[in-house]
Asks: 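Sharing a structure below in structure tokens format, with a few things to ask.
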Amino acid sequence: MEASLLVIPFVILFLSVRANGDGLKVGFYSQTCPKAEEIINETVAKAVKANPGVPAALIRLHFHDCFVRGCDGSILLDSTADNVAEKDSFVNNLNPVGYDIIDEAKSKLEAKCAGVLSCADIVAYAARDSAYQAGGLFWAVEGGRRDGRTSLAIEPPLNLPCPSFDVNQLTQIFATKNLTQEDMVTLSGAHSIGASHCASFSVDRLYYFNGSGGQDPSMNCHYAVKLKAICTPSASPEAVALLDPFTPTKLDVNYYINLQYNLGLLKSDQALMLDDATSREVKINAKYPTIWRKKFGRAMVKMGAFDVLTGTQGEIRKKCRFRN
Ligand code: HEM
Ligand SMILES: *[C@@H]1O[C@H](CO)[C@@H](O)[C@H](O)[C@H]1NC(C)=O
Ligand SMILES: *[C@@H]1O[C@H](CO)[C@@H](O)[C@H](O)[C@H]1NC(C)=O
Ligand SMILES: *[C@@H]1O[C@H](CO)[C@@H](O)[C@H](O)[C@H]1NC(C)=O
């Protein structure tokens, strides 16, 4: 009896420590691998020079890692003979960019400080450095995540928002990751860079709006003409449209400006204008870039702390594609 009374507070403390991402801290590698952040930053900068699509891929990689089993690098694991992994799920397998860059950073880090940097942390730093490269954004990244050992292809479709979602559905799924509706609107600004395959929006927005045979009336008609030329019914499954057609490689508030003119690409993007609270957020972000940039960094830190493995949980992988 006495023993169990003593144990309960410890259990509660332990759970809250684990769940809130405590154990993560800024400068986590300053003693164990002082050059770590610099090495990752340089690797990302070099990759962006070769391919301006890299920041979008790396920022999305962190998002898709964190929403599935927490930020534990599970998205990086390769499929094996008896397991199809997250990266080969139909939600993730459209875009192969990013994995090689994480591998390159990891092998440089292993050469310098073997067994120290987790793959999950490399993804978090690389997302920050991507935001710097694409828009000059900066935030202090907390490190200390450990790598998970499980990656299942069925989990991304169960945990990630669909492009057909309305605001209630978006808000609900972000709430399951401890993120608020405001965080959701703030983070959606990542759609100011990168591209989407036609399959992710053409049915909802161009051809069968609301189950009928037409285009979405909440899409600018000229924009719809342009998109229909890219996403013809016989277009290749590889065909893509830019998420922000005006400044497609610049991480900025142009995404929010577009939404106010019915120039959002995904149904879930334009949906932010169909709700009073989220449309208010959109207008504020469009008008005050400095505020949005700060909020974006804070929301990325929050997303990056969700359901992480810390301390002695999980492992530090030797190679990001394989568990030890
Ligand atoms: C709000 C709910 C969200 C939905 C429904 C959503 C959905 C999508 C879809 C369907 C695509 C295009 C995939 C394709 O067809 O290739 C995409 C791309 C992208 N998403 Fe999201 N997303 C959401 C939130 C986020 C968040 C929170 C981030 C990061 C903070 C993010 C970052 C990106 C980026 C950067 C791209 C472009 C990827 C590239 O060009 O490589 N998205 N998203
Ligand atoms: C989410 O937030 C709730 C309430 O603050 C907290 O109890 C829970 O531990 C958090 N979960 C995670 C995984 O961060
Ligand atoms: C990354 O490198 C750029 C120069 O390319 C520098 O301005 C920036 O401060 C660096 N970021 C970090 C986190 O070291
Ligand atoms: C979509 O269809 C439903 C049912 O047919 C209707 O109630 C709703 O108003 C429609 N939505 C729009 C935006 O047209």
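Read the numbers this way: they start at 1 and go in the same order the structure lists the ligands and their atoms.
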Asks: Which residue and atom name correspond to the protein heavy atom nearest atom 5 (O) of ligand 3, and how close is it?
Replies: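 Checked against all protein heavy atoms, atom 5 (O) of ligand 3 sits closest to Gln133 NE2, 4.0 Å.
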Asks: Consider ligand 1: state whether an atom of it lies below 4.0 angstrom from any non-hydrogen atom of Gly53.
Replies: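 False for this residue.
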Asks: Which residue holds the protein heavy atom closest to atom 35 (C) of ligand 1, what is that atom called, and what is the gap in Å?
Replies: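 In this structure, atom 35 (C) of ligand 1 has Ala56 O, 3.2 Å as its nearest protein heavy atom.
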Asks: For atom 25 (C) of ligand 1, what is the nearest protein heavy atom, given as residue, atom name and distance?
Replies: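 Going atom by atom, the protein heavy atom closest to atom 25 (C) of ligand 1 ends up being Phe63 CE2, 3.2 Å.
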Asks: Report the nearest protein non-hydrogen atom to atom 4 (C) of ligand 3: residue, atom name, distance rounded to 0.1 Å.
Replies: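 Protein heavy atom at minimum distance: Tyr132 CE2, 4.4 Å.
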Asks: Which pair of heavy atoms, one from Ile230 and one from Ala241, lies closest together, and at what distance?
Replies: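 That would be CD1-CB, 4.4 Å.
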Asks: Which pair of non-hydrogen atoms, one from Tyr29 and one from Ser118, has the smallest distance, and what is that distance?
Replies: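 For Tyr29 and Ser118, the tightest heavy-atom pair comes out as OH-N, 3.4 Å.
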Asks: Could you tell me if any non-hydrogen atom of Tyr125 lies under 4.0 Å from any atom of ligand 3?
Replies: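 Not so, Tyr125 does not reach ligand 3.
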Asks: Any N or O of Glu37 that comes nearer than 3.5 Å to an N or O of ligand 3?
Replies: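 N/O-N/O distance under 3.5 Å: no.
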Asks: Atom CG of Leu117 and atom CD1 of Ile316: how far apart are they, to the nearest 0.5 Å?
Replies: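 Interatomic distance, Leu117 CG to Ile316 CD1, rounded to 0.5 Å: 8.0 Å.
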Asks: Can you check which of Asn41, Val48, Val44 brings a heavy atom nearest to atom 2 (O) of ligand 3?
Replies: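 Among Asn41, Val48, Val44, the closest heavy atom to atom 2 (O) of ligand 3 belongs to Asn41.
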Asks: Would you say the rings of Phe306 and Phe67 are close, in the sense that their centroids are separated by under 6.0 Å?
Replies: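 Centroid separation for Phe67 and Phe306: 6.0 Å or greater.
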Asks: Side-chain donor-acceptor pair under 3.5 Å between Ser192 and Lys250, yes or no?
Replies: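 No, because no side-chain N or O of Ser192 sits under 3.5 Å from a partner of the opposite role on Lys250.
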Asks: What's the separation between atom OH in Tyr261 and atom CD1 in Ile257, rounded to the nearest 0.5 Å?
Replies: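 Answer rounded to 0.5 Å: 7.5 Å.
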Asks: Record the part of Leu160 in heavy-atom contact with ligand 1 below 4.0 Å; permitted values are side chain, backbone, both and neither.
Replies: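 Under 4.0 Å from ligand 1, Leu160 contributes no heavy atoms.
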Asks: For atom 7 (C) of ligand 1, what's the nearest protein heavy atom and its distance?
Replies: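 Scanning the protein heavy atoms, the shortest distance from atom 7 (C) of ligand 1 goes to Leu266 CD1, 3.7 Å.
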Asks: Regarding Asp78 and Tyr99, do their side chains bring together a donor and an acceptor under 3.5 Å, going by distance alone?
Replies: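 Their side chains do not contain a donor-acceptor pair, so the 3.5 Å distance test is not met.
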Asks: Regarding ligand 3, does Asp129 bring an N or O atom to under 3.5 Å of one of the ligand's N or O atoms?
Replies: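 No, Asp129 has no N/O under 3.5 Å of an N/O on ligand 3.
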Asks: Cation-pi check for Tyr256 against Lys283: NZ or CZ below 6.0 Å from the six-membered ring centre and within 45 degrees of the axis, yes or no?
Replies: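 Not flagged: Lys283 not positioned over aromatic ring of Tyr256.
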Asks: With heavy atoms only and a cut-off of under 4.0 Å, state how Pro163 meets ligand 1: side chain, backbone, both or neither.
Replies: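 It is both parts that get close, each with some atom under 4.0 Å.
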Asks: Would Phe201 count as a contact of ligand 1 if the rule is a heavy atom under 4.0 Å away?
Replies: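 Distance cut 4.0 Å: Phe201 fails for ligand 1.
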Asks: For atom 32 (C) of ligand 1, which protein heavy atom lies nearest, and how many Å away is it?
Replies: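 Ranked first by proximity to atom 32 (C) of ligand 1 is Ala190 CB, 3.6 Å.
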Asks: Mark yes or no for whether Asp183, through its side chain, and Thr180, through its backbone, hold a donor-acceptor pair below 3.5 Å.
Replies: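 Pair found, side chain donor or acceptor close to backbone of Thr180.
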Asks: Does His197, backbone or side chain, put an N or O under 3.5 Å from an N or O of ligand 1?
Replies: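 Right, the criterion is met.
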Asks: With a 4.0 Å heavy-atom cut-off (strictly under), which part of Val240 contacts ligand 1: side chain, backbone, both or neither?
Replies: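 The answer is neither.
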Asks: Please tell me if atom 9 (O) of ligand 3 is touched by the protein, where touching means a protein heavy-atom distance below 4.0 Å.
Replies: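 Flag for atom 9 (O) of ligand 3 set to false, no protein heavy atom closer than 4.0 Å.
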Asks: Does an N or O from Ser188, backbone or side chain, lie closer than 3.5 Å to an N or O of ligand 1?
Replies: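 So ligand 1 has no N or O lying under 3.5 Å from an N or O of Ser188.
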Asks: Roughly how far, to the nearest 0.5 Å, is the CG atom of Asp72 from the CG atom of Leu309?
Replies: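 Taking CG in Leu309 and CG in Asp72, the distance rounds to 5.5 Å.
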Asks: Using the rule side-chain contact (heavy atoms from CB on, under 4.5 Å), only one of Thr43, Ile122, Asp121 pairs with Leu109; which is it?
Replies: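 One option only clears the test, and that one is Ile122.
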Asks: Counting N and O atoms only, with roles assigned by atom type, does the side chain of Ser151 sit under 3.5 Å from a partner on the main chain of Glu86, one being a donor and the other an acceptor?
Replies: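 Present.
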Asks: Polar contacts were defined as any N/O atom of the residue lying under 3.5 Å from an N/O atom of the ligand; does this apply to Ala195 and ligand 1?
Replies: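 Yes: some nitrogen or oxygen of Ala195 is under 3.5 Å from one in ligand 1.
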Asks: For atom 27 (C) of ligand 1, which protein heavy atom lies nearest, and how many Å away is it?
Replies: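 Closest protein heavy atom to atom 27 (C) of ligand 1: Leu187 CB, 3.6 Å.
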Asks: What atoms in ligand 3 come closer than 4.0 Å to a heavy atom of Phe138?
Replies: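 Going through ligand 3 atom by atom, the ones under 4.0 Å from Phe138 are 13 (C).
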Asks: Given salt bridge (charged side-chain N to carboxylate O under 4.0 Å, His left out), test Arg205 with Asp216 step by step and report yes or no.
Replies: CA-CA 5 Å; Arg205 310 226 55 216; Asp216 187 336; 3.2 Å; yes
Asks: Where does Ala199 meet ligand 1, judged by heavy-atom distances below 4.0 Å: at the side chain, the backbone, both, or neither?
Replies: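 None of Ala199 does.
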Asks: Of the side chain and backbone of Asn95, name the one, both, or neither that has a heavy atom under 4.0 Å from an atom of ligand 1.
Replies: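 Only the side chain of Asn95 comes within reach of ligand 1.
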Asks: Checking a contact table here: which protein heavy atom is nearest atom 37 (C) of ligand 1, and how many Å away?
Replies: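 Protein heavy atom with the smallest distance to atom 37 (C) of ligand 1: Leu243 CD1, 3.7 Å.
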Asks: Identify which of Arg60, His64, His191 has a heavy atom lying nearest to atom 42 (N) of ligand 1.
Replies: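 The nearest heavy atom belongs to His191.
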Asks: Is there a donor-acceptor contact under 3.5 Å from the side chain of Asp65 to the main chain of Gly73?
Replies: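 It does hold such a pair.
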Asks: How far is atom 3 (C) of ligand 1 from its nearest protein heavy atom, and which residue and atom name does that atom have?
Replies: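 Of every protein heavy atom, Pro161 CG, 3.5 Å lies nearest to atom 3 (C) of ligand 1.
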Asks: With heavy-atom distances below 4.5 Å as the criterion, would you say the side chains of Glu142 and Lys25 are in contact?
Replies: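 Answer no - side chains too far apart.
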Asks: Does ligand 1 have a heavy atom under 4.0 Å from the side chain of Val97, from its backbone, from both, or from neither?
Replies: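 It is neither part, as no heavy atom is under 4.0 Å.
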Asks: Which one holds for Phe165 and ligand 1: side chain close, backbone close, both close, or neither close, with close meaning a heavy atom under 4.0 Å?
Replies: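 None of Phe165 does.
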Asks: Over all heavy atoms of both residues, which pair between Asn324 and Glu315 is shortest? Give the atoms and the distance, please.
Replies: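 Heavy atoms only, the tightest pair is N-OE2, 2.9 Å.
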Asks: Can you tell me if Glu42 contacts ligand 3 (heavy atom of the residue under 4.0 Å from the ligand)?
Replies: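 Contact absent.
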